[in-house]
Participant: 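Structure provided below as structure tokens; questions to follow.
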Amino acid sequence: MTNTGKVWFVGAGPGAADLLTLRAARVIAEADVVIWAASLVHADVLGHARPDAEIVDSSQLPIEGVLPLYERAAERGLTVARIHSGDPALWGAVQEQLDLCRALGLAVEIVPGVSSFTAVAAIVGRELTVPEVAQSVILTRLEGGKTPMPQGERVRDFARHGTTMALFLSAARSGQVQAELLAGGYPADTPAVVAYQATWPDELVVRCTVGTLEATVKEHRLWKHTLFLVGPALAATGTRSHLYHPGHFHTYRRAEPAARAELRRRGASRPAAETTARLADTVGGSE
């Protein structure tokens, strides 16, 4: 059987090498060729590569510059680890590479990585989906940049939901970001986080508000490698999910009758909450 080679698209996480998954570290260690972008991925991740592996910095290469490496992998049956910052599913230009590799007859597989938005949430010690405050997280970027945005995907339109939002690739136009968030309906005092190079040695993470977001970015002279988190969940307290409530039951746990009655009484004054609780009970899920 002919070995046609394989390309692994590996999520390197937000920066710190010890935030690689075990699978990512194994794949890098087994690869014949390791492709990484020095502008986006911390060099420490290369510590997992074999001493004899070919290391290629793709930061100055268009996809046409990487193509010969994929062609050689197909011809010689090589294993390639293509390292992407964060998670390959988000703004990694991965789909076009997957299509290219498959056209060459290469096997392909993706290793997910820790995204910077979850890393920043961990750094500031916040849950992004707080019960009764925010149950959705919107991942987006400001429209009008180098990559066209599809119709209907404007920041101000997403802002109307009032839930947690993570904004990538937008720090260079912080004034426009702030204006769009306010125009969409976030109050000026809505909590926000500005995070530069999260988990890198020179990380900078600053709390602010939507109303002071532009000033915060300009004060610290940030314009790239910066993520914004926005939304009321970043400061909410005093709420409780049903997941660990003694009145909630699921496949593995019975509800305590008195606590269950309390949940039902509480839900009676909030029909939407009762509907959600019933749905969670039915599927054995959580909220």
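Just so it is clear, the model here is predicted, and its values are computed rather than measured. Basis for what follows: all heavy atoms, side chains included, without hydrogens, waters or symmetry-related copies.
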Participant: For atom CH2 of W200, is the number of surrounding heavy atoms from other residues, nucleotides or ligands below 6.0 Å larger than 12?
Facilitator: yes

Participant: In Å, rounded to the nearest 0.5 Å, how long is the span from CG of L100 to CD of E71?
Facilitator: 8.0 Å

Participant: Do I55 and L46 have side-chain heavy atoms sitting under 4.5 Å apart?
Facilitator: yes

Participant: When rounded to the nearest 0.5 angstrom, what is the spacing between CZ in R156 and CD in Q176?
Facilitator: 9.0 Å

Participant: Side chain to side chain contact (heavy atoms under 4.5 Å, CB included) between L167 and L181: does it pass, once the steps are laid out?
Facilitator: CA-CA 11 Å; L167 289 127; L181 293 172; 4.2 Å; yes

Participant: Atom OG1 of T216 and atom NE2 of H220: how far apart are they, to the nearest 0.5 Å?
Facilitator: 6.5 Å

Participant: Just say parallel, tilted or perpendicular for the rings of H225 and Y196, cut-offs at 30° and 60°.
Facilitator: tilted

Participant: Give a yes or no on whether R23 atom CZ has more than 12 heavy-atom contacts from other residues, nucleotides or ligands under 6.0 Å away.
Facilitator: no

Participant: Return all side-chain donor-acceptor pairs below 3.5 angstrom for residues 136-143, not counting sequence neighbours, or 'none' if the list is empty.
Facilitator:
from: R141; atom 1: NH1; to: T147; atom 2: O; distance (Å): 3.0
from: R141; atom 1: NH2; to: T147; atom 2: O; distance (Å): 3.3
from: E143; atom 1: OE1; to: V155; atom 2: N; distance (Å): 3.1

Participant: Looking only at atom types and distance, does a side-chain atom of H84 sit under 3.5 Å from a main-chain N or O of G92, one as donor and one as acceptor?
Facilitator: yes

Participant: Considering only heavy atoms from C-beta outward, does the side chain of P187 approach that of T190 to under 4.5 Å?
Facilitator: yes

Participant: Hydrophobic clusters here meaning ILVMFWY residues chained together by side-chain heavy-atom distances under 4.5 Å, can you tell me if I110 and L106 are in one?
Facilitator: yes

Participant: Does any non-hydrogen side-chain atom of T163 lie less than 4.5 Å from one of Q135?
Facilitator: no

Participant: Do you know which two heavy atoms are closest between P201 and H42, and how far apart they sit?
Facilitator: CD-NE2, 3.7 Å

Participant: Which value, rounded to the nearest 0.5 Å, describes the distance between T164 atom OG1 and R126 atom CZ?
Facilitator: 9.5 Å

Participant: Quick one: do V206 and I123 end up in the same hydrophobic cluster if we chain Ile, Leu, Val, Met, Phe, Trp and Tyr together by side-chain heavy atoms under 4.5 Å apart?
Facilitator: no

Participant: Is there a side-chain contact between E219 and E214 (heavy atoms, below 4.5 Å)?
Facilitator: no

Participant: Stepwise, does the side chain to side chain contact (heavy atoms under 4.5 Å, CB included) test hold for L20 with V111?
Facilitator: CA-CA 10 Å; L20 284 171; V111 180; over 6 Å; no

Participant: Given 3.5 Å as the limit, does a donor-acceptor pair link the side chain of S58 with the main chain of L61, or not?
Facilitator: no

Participant: Without swapping roles, check the side chain of T4 against the backbone of G105 for a donor-acceptor pair under 3.5 Å.
Facilitator: yes

Participant: Should V108 and I83 be regarded as members of a common hydrophobic cluster, given that ILVMFWY residues are connected when their side-chain heavy atoms come within less than 4.5 Å of each other, either directly or indirectly?
Facilitator: no

Participant: Return the CD to OG distance between E203 and S116, rounded to the nearest 0.5 Å.
Facilitator: 12.0 Å

Participant: With no hydrogens and no angle check, just 3.5 Å: does a side-chain donor-acceptor pair link T118 and S115?
Facilitator: no

Participant: Hey, quick one: are V210 and F158 part of the same hydrophobic cluster, counting side-chain heavy atoms closer than 4.5 Å, chains of contacts allowed?
Facilitator: yes

Participant: M165 and Y186: side chain to side chain contact (heavy atoms under 4.5 Å, CB included), yes or no, with the steps?
Facilitator: CA-CA 11 Å; M165 188 183 300; Y186 280 114; 3.6 Å; yes

Participant: Taking atom CD of E54 and atom CD1 of I35, what is their separation to the nearest 0.5 Å?
Facilitator: 8.5 Å

Participant: Mark yes when over 12 heavy atoms from residues, nucleotides or ligands other than Q60 sit less than 6.0 Å from its CD; otherwise mark no.
Facilitator: no

Participant: Within the structure provided, determine whether V114 and D87 are in side-chain contact (heavy-atom separation under 4.5 Å).
Facilitator: no

Participant: Between L90 and V230, is there shared hydrophobic-cluster membership here, with clusters defined by ILVMFWY side-chain heavy atoms closer than 4.5 Å?
Facilitator: no

Participant: Identify the heavy atoms of W36 and V41 that sit nearest to each other, and give their distance.
Facilitator: CZ3-O, 3.1 Å

Participant: Going by an N to O cut-off under 4.0 Å, is there a salt bridge joining D32 and R50?
Facilitator: yes

Participant: Do Q97 and F9 have side-chain heavy atoms sitting under 4.5 Å apart?
Facilitator: yes

Participant: What closest approach, in Å, do L213 and Q178 show between heavy atoms, and which atom pair accounts for it?
Facilitator: N-OE1, 3.4 Å

Participant: Looking only at non-hydrogen atoms, find the nearest pair between V130 and A236 and report the distance.
Facilitator: CG1-CB, 4.1 Å

Participant: Do K6 and E30 sit within salt-bridge range, that is, some charged N less than 4.0 Å from a carboxylate O?
Facilitator: no

Participant: Should the pair F168 and W91 be assigned to parallel (<30°), tilted (30 to 60°) or perpendicular (>60°) ring geometry?
Facilitator: tilted

Participant: Measuring only between side-chain heavy atoms, which start at C-beta, is T226 closer than 4.5 Å to V194?
Facilitator: yes

Participant: Looking at P191 and A235, what are the two nearest heavy atoms and their distance?
Facilitator: CG-CB, 3.5 Å

Participant: Mind checking whether V33 and T79 have side chains closer than 4.5 Å, heavy atoms only?
Facilitator: no

Participant: Taking A17's backbone N and O only, do any of them form a donor-acceptor pair with D44's side chain (distance below 3.5 Å, no angle check)?
Facilitator: no

Participant: Tell me the closest heavy-atom pair linking L182 and A188, and the distance in Å.
Facilitator: CD2-CA, 3.8 Å

